[in-house]
Structures are given as structure tokens and as C-alpha cells.
Visitor: 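The following block contains the structure, expressed as C-alpha cells.
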Amino acid sequence: MPETNSIVDIRATIVRNRPVSRDVSIITLECPAIALAAKPGNFVNVKVSSATQPLLRRPFSIHDVSESEIELMVKSIGSGTALLSDAPEGSSVMVLGPLGNSFDISGTPFDTAILVSGGIGSAPMLFLEKTLAAKGKKVINLIGGRTKGDLLAESLGNCRFATDDGSEGLRGTVIDLLESELAELRKEGSLKVFACGPNPMLKALARFCRENSLPCDLSLESVMGCGIGICYGCSVEVMDPAGSIRTILLCREGPVINAELLVL
Ligand SMILES: Cc1cc2nc3c(=O)[nH]c(=O)nc-3n(C[C@H](O)[C@H](O)[C@H](O)COP(=O)(O)OP(=O)(O)OC[C@H]3O[C@@H](n4cnc5c(N)ncnc54)[C@H](O)[C@@H]3O)c2cc1C
């Protein structure tokens with residue numbers, strides 16, 4: 001979790017709103033304090049409208065950071081995300097952040113990072129990729145989606161794809177893709193997997209990584225209210241190494257957890 005004193009709640013101007021697919025837009029917000037403090041994996045909680053509906057803020061991963069701006073990758077799935085996706089450039093929203101913990105890139109050393117994402121799970125990956133590249137790590141993106149139009153490849157490059165219908169890359173899941181590439185990837189030195197996507201995908205990936213002794217960080221999703229540990233809306237069960245189950249609040253102890261902790 002970022003230092004509490006680095007969390008701010010500020011009105012941020014939407015500098016750019018760039019559609020990247022039929023239902024996904026990249027929203028650029030001018031908010032220097034959050035840009036300065038953010039780490040890959042952090043998220044922000046956005047009040048998408050000054051009206052009373054929707055009342056609660058909506059959480060979004062920090063997709064990218066520049067000197068004074070942050071980018072969000074927003075998929076329109078309901079009232080809040082539709083409002084943000086349609087927000088005109090020059091308008092503003094209240095943004096609370098940076099929130100949550102971050103991907104562990106400085107713990108156990110590794111040579112090559114495998115960034116596995118499904119659908120809108122690509123959102124936190126560009127910031128992570130840039131940070132890893134700046135540290136001299138090799139990065140390979142494995143990106144999955146139902147069909148070609150769902151693939152979100154906003155990255156520095158080195159992307160391999162899987163689609164359910166075979167319209168791009170391997171026909172199958174992104175875990176099938178990792179399995180098919182693993183022997184080659186192991187030639188790139190020690191590996192660490194970083195992943196974000198739908199929870200069923202993350203469960204299958206956690207199982208695969210455990211079976212293949214691959215260290216893995218997962219960024220989980222849940223419905224979330226306050227984003228700061230007050231409402232308990234985002235409690236999820238995790239399993240300690242000793243095997244005991246405990247509950248964490250994803251907004252404070254997550255959204256990133258070690259795959260070993262996921263209850264399968
Ligand atoms: C830590 C975190 C980071 C996230 N990062 C991103 C991101 O970078 N980009 C992005 O587009 N989305 C992200 N999400 C998901 C996003 O917050 C939700 O899609 C959004 O809150 C939905 O709001 P809405 O008003 O549009 O939908 P609502 O009108 O509230 O709901 C529409 C439908 O979506 C379902 N739903 C709502 N929230 C979620 C959820 N979190 N997961 C699955 N289904 C949900 C509802 O049950 C309902 O069926 C993130 C969520 C979390 C917890």
C-alpha cells in the first residue's frame with residue numbers, strides 16, 4: 001500500500017480521451033501528485049460524475065504514467081464506466097489515489113518477466129512493462145481475448161496472442177499459450193509471471209504456475225466501494241502458506257497477491 005500521506009483526492013482534468021477498441025478508451029488525466037507517487041499495480045478510485053448517480057467511485061488500474069499525467073484504460077460495461085468513457089476532453093473528475101499495493105519487482109530476482117493479460121486485464125501492464133524495461137528486464141506479453149477485436153496490445157512490443165476463436169494467434173486460452181511457449185521462455189533465464197484478467201483465468205493461471213514452479217503475482221478484481229478499507233466491499237479469502245484461510249481487503253492488501261495465496 002502506498003504511504004498514506006502520498007494518497008490524494010484531487011480534481012483532475014481529462015486531457016485526452018482516445019478510443020482503442022469498440023468499448024475501450026484510454027483516458028489521460030492531469031494529476032501530478034498521483035503520477036509522482038504511483039507504482040505499477042496501484043489503482044485510483046474515480047468519482048465519474050458530480051451527480052449523485054452513480055454514488056460510489058469506480059476503481060481503475062493505473063495504465064501508464066508520465067511526468068504529470070496518468071492514463072486509465074477503461075472498458076465500458078455499465079453506467080459508471082460508460083460515463084467515464086464518454087467524458088469529453090477538458091472536463092474533470094475527482095480522483096483518489098494512488099491506492100492498493102504494487103507488483104513485486106524487487107523481491108526474488110528474475111531475468112524475464114512474462115506479462116499475462118486477458119481482456120481489460122491489460123490495463124496495468126504498460127506501466128509495469130515500462131518500469132521493468134527501465135530496470136533492464138526482458139519482457140514478453142502474452143495477451144488473450146475472446147476474439148481479435150478484444151485484444152488490447154497497448155505495449156512496448158514483444159506480444160504473443162491467444163483467442164478463443166483462433167482469429168489471432170493461438171486458438172485457446174492465454175494459459176494454453178503460456179504452456180506452449182514455456183520451454184522456449186525458460187531459455188530466457190529465470191522467469192516471473194505477472195497477470196491480470198478475469199478471476200477464472202487467474203485461478204487457472206495460478207494452478208499452472210504452482211504446478212510448474214513459476215513465481216507469479218496476480219492482480220485480482222472484485223466489486224469495490226471506498227478503495228481505502230472502510231466499506232469491506234472487497235473482502236476476498238486467501239490461503240496462508242500454512243494452509244489457513246484468512247480474509248483480506250483487496251483495496252489495502254491487494255489488488256496484487258502472490259499466486260501461492262489464491263484459494264483455488
Ligand atoms: C482494483 C481494480 C482495478 C480495476 N481496474 C480496471 C481498469 O483498469 N479498467 C477497467 O475498465 N475496469 C477496471 N476495474 C473494473 C471496474 O472498476 C468496473 O468495471 C467498474 O467499477 C464497473 O462500474 P460500472 O458502473 O460501469 O458498472 P456497474 O453498472 O456497477 O455494473 C455493471 C455490471 O458489471 C459488474 N461489475 C461491476 N464491477 C465489476 C468488477 N469489478 N468486476 C467484474 N464485474 C463487475 C456488475 O455486477 C454488473 O453486472 C477494476 C476493478 C478493480 C477492483
Side-chain angles (χ1 to χ4, degrees), residues 1-2 7 12 14 17-29 31 34 38-65 70-87 93-103 115 117-129 143 145 150-152 154-155 194-203 217-236 238 248-257 262:
M1 177 112 188
I7 298 173
I14 297 175
N17 181 343
R18 176 170 64 93
V20 289
S21 75
R22 78 191 127 75
D23 54 2
V24 177
S25 300
I26 306 278
I27 309 283
T28 307
L29 296 161
C31 41
I34 297 179
K39 294 202 174 86
N42 287 165
F43 67 97
V44 290
N45 219 6
V46 181
K47 180 88 179 81
V48 295
S49 162
S50 51
T52 49
Q53 293 298 329
L55 185 64
L56 296 176
R57 293 177 183 237
R58 299 295 193 256
F60 298 97
S61 303
I62 297 176
H63 173 60
D64 197 12
V65 163
I70 63 167
E71 284 188 351
L72 310 180
M73 178 187 263
V74 178
K75 178 170 181 168
S76 181
I77 64 157
S79 58
T81 46
L83 276 168
L84 189 55
S85 297
D86 294 341
V93 286
M94 290 302 293
V95 184
L96 177 69
L99 299 171
N101 64 0
S102 52
F103 289 108
L115 275 46
S117 57
I120 193 64
S122 290
M125 295 308 183
L126 181 59
F127 185 21
L128 174 62
E129 182 179 10
I143 300 172
D150 294 325
L151 296 171
L152 294 166
E154 294 282 312
S155 77
F194 300 87
C196 186
N199 286 341
M201 174 202 123
L202 296 183
K203 276 198 177 184
D217 276 3
L218 307 170
S219 179
L220 299 183
E221 259 207 27
S222 75
V223 174
M224 195 175 276
C226 68
I228 51 173
I230 296 169
C231 74
Y232 281 65
C234 61
S235 57
V236 296
V238 296
I248 63 167
L249 295 181
L250 215 57
C251 66
R252 292 181 66 88
E253 291 183 67
V256 180
I257 67 163
L262 196 69

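Numbering of ligands and ligand atoms starts at 1, following listing order.
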Visitor: Relative to the heavy atoms of A123, which atoms of ligand 1 are at a distance of less than 4.0 Å?
Guide: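 Matching atoms, with element in brackets: 7 (C), 8 (O).
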Visitor: Does the protein come close to atom 23 (O) of ligand 1 - that is, does one of its heavy atoms sit below 4.0 Å from that atom?
Guide: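 Given the 4.0 Å cut-off, atom 23 (O) of ligand 1 counts as touching protein heavy atoms.
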Visitor: Counting each atom of ligand 1 from 1 as listed, which ones have a heavy atom of V74 under 4.0 Å away?
Guide: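 The list of qualifying atoms is 11 (O).
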Visitor: Taking C-beta and beyond as the side chain, do L220 and N199 meet within less than 4.5 Å on heavy atoms?
Guide: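 A side-chain contact under 4.5 Å exists here.
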Visitor: Can you tell me which residue and heavy atom of the protein come closest to atom 39 (C) of ligand 1, and the distance to 0.1 Å?
Guide: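 Going atom by atom, the protein heavy atom closest to atom 39 (C) of ligand 1 ends up being V223 CG2, 4.2 Å.
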Visitor: From atom 19 (O) of ligand 1, is the closest protein heavy-atom distance below 4.0 Å?
Guide: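 Looking at atom 19 (O) of ligand 1, one finds that a protein heavy atom does lie closer than 4.0 Å.
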Visitor: Note the single closest protein heavy atom to atom 3 (C) of ligand 1, along with its residue, its atom name and the distance in Å.
Guide: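 That would be S61 OG, 3.6 Å.
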Visitor: In the protein, which heavy atom is nearest to atom 21 (O) of ligand 1, and how far is it?
Guide: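 I find the closest protein heavy atom is R58 CD, 3.2 Å.
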Visitor: For atom 43 (C) of ligand 1, which protein heavy atom lies nearest, and how many Å away is it?
Guide: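 Result for atom 43 (C) of ligand 1: E221 OE1, 3.7 Å.
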Visitor: What is the closest protein heavy atom to atom 11 (O) of ligand 1, and at what distance does it sit?
Guide: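 Checking every protein heavy atom, the shortest distance to atom 11 (O) of ligand 1 gives K75 N, 2.8 Å.
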Visitor: Applying side-chain contact (heavy atoms from CB on, under 4.5 Å) between S222 and each of S235, P59, C234, report the one that passes.
Guide: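 Of the listed residues S235, P59, C234, the side-chain contact (heavy atoms from CB on, under 4.5 Å) partner of S222 is C234.
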Visitor: Consider ligand 1: state whether an atom of it lies below 4.0 angstrom from any non-hydrogen atom of L72.
Guide: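 No, L72 has no heavy atoms under 4.0 Å from ligand 1.
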Visitor: Counting from 1, what ligand 1 atoms have a heavy atom of I120 closer than 4.0 Å?
Guide: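 Within the 4.0 Å cut-off of I120, ligand 1 contributes 9 (N), 10 (C), 11 (O).
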Visitor: At a 4.0 Å threshold, what atoms of ligand 1 neighbour a non-hydrogen atom of M73?
Guide: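 Near M73, the atoms of ligand 1 are 7 (C), 8 (O), 9 (N), 10 (C), 11 (O).
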Visitor: For ligand 1, find out whether one of its N or O atoms is nearer than 3.5 Å to an N or O atom of A82.
Guide: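 So ligand 1 has no N or O lying under 3.5 Å from an N or O of A82.
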Visitor: Considering the options L115, D217, L218, N42, which one meets the side-chain contact (heavy atoms from CB on, under 4.5 Å) requirement together with F103?
Guide: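 So, applying the side-chain contact (heavy atoms from CB on, under 4.5 Å) to F103 and each of L115, D217, L218, N42, only D217 qualifies.
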Visitor: Can you find a heavy atom in the side chain of C251 that is under 4.5 Å from one in the side chain of F43?
Guide: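 Result yes, sub-4.5 Å side-chain heavy-atom pair found.
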Visitor: Below 3.5 angstrom, do we get any N/O pair linking G78 and ligand 1?
Guide: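 Yes.
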Visitor: Under 4.0 Å from any heavy atom of S222, which atoms of ligand 1 are there?
Guide: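 Once the distances to S222 are compared, the set is 41 (N), 53 (C).
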Visitor: Do I14 and L29 touch side chain to side chain, with heavy atoms closer than 4.5 Å?
Guide: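 They are in contact (side-chain heavy atoms under 4.5 Å apart), so the answer is yes.
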Visitor: Quick check: do P124 and I62 have side-chain heavy atoms less than 4.5 Å from each other?
Guide: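 No; the side chains remain at least 4.5 Å from each other.
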Visitor: Show me which atoms of ligand 1 lie under 4.0 Å from any heavy atom of M224.
Guide: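 Here the atoms of ligand 1 in question are 53 (C).
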Visitor: Calculate, to the nearest 0.5 Å, the distance between atoms CG and CE belonging to D64 and M73 respectively.
Guide: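 Answer rounded to 0.5 Å: 10.0 Å.
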Visitor: Could you tell me whether I77 and ligand 1 have an N or O pair separated by under 3.5 Å?
Guide: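 It does not: no N or O of I77 is found under 3.5 Å from an N or O of ligand 1.
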Visitor: Flag the pair P54 / L83 as yes when at least one side-chain heavy-atom distance between them is below 4.5 Å, and no otherwise.
Guide: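 Yes; the side chains approach each other to less than 4.5 Å.
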Visitor: In Å, rounded to the nearest 0.5 Å, how long is the span from CZ of R58 to CG of L72?
Guide: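 Going from CZ on R58 over to CG on L72, the span is 14.5 Å.
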Visitor: Do the side chains of S117 and L152 get nearer than 4.5 Å, heavy atoms only?
Guide: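 Not in contact.
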Visitor: Run the salt bridge (charged side-chain N to carboxylate O under 4.0 Å, His left out) test against E221 and tell me which residues pass, sequence neighbours left out.
Guide: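 Listed in chain order: nothing, the list is empty.
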Visitor: Tell me the protein heavy atom at minimum distance from atom 29 (O) of ligand 1, and give that distance in Å.
Guide: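 Looking at atom 29 (O) of ligand 1, the protein heavy atom closest to it is S79 N, 3.4 Å.
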Visitor: Could any protein non-hydrogen atom be found less than 4.0 Å from atom 48 (C) of ligand 1?
Guide: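 Not a single protein heavy atom is under 4.0 Å away.
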Visitor: Between P124 and ligand 1, find which residue part has any heavy-atom pair under 4.0 Å and reply side chain, backbone, both or neither.
Guide: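 Answer for P124: neither.
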Visitor: Of the protein's non-hydrogen atoms, which lies at the shortest distance from atom 16 (C) of ligand 1, and what is that distance?
Guide: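 The answer is P59 O, 3.5 Å.
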Visitor: Evaluate the side-chain proximity of D23 to K75: yes if any heavy-atom separation is below 4.5 Å, no if none is.
Guide: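 They are in contact (side-chain heavy atoms under 4.5 Å apart), so the answer is yes.
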Visitor: Are side-chain heavy atoms of L84 and F60 found at a separation under 4.5 Å?
Guide: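 With C-beta onward as the side chain, the pair touches.
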Visitor: Checking a contact table here: which protein heavy atom is nearest atom 26 (O) of ligand 1, and how many Å away?
Guide: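 Nearest protein contact, heavy atoms only, for atom 26 (O) of ligand 1 is T81 OG1, 2.5 Å.
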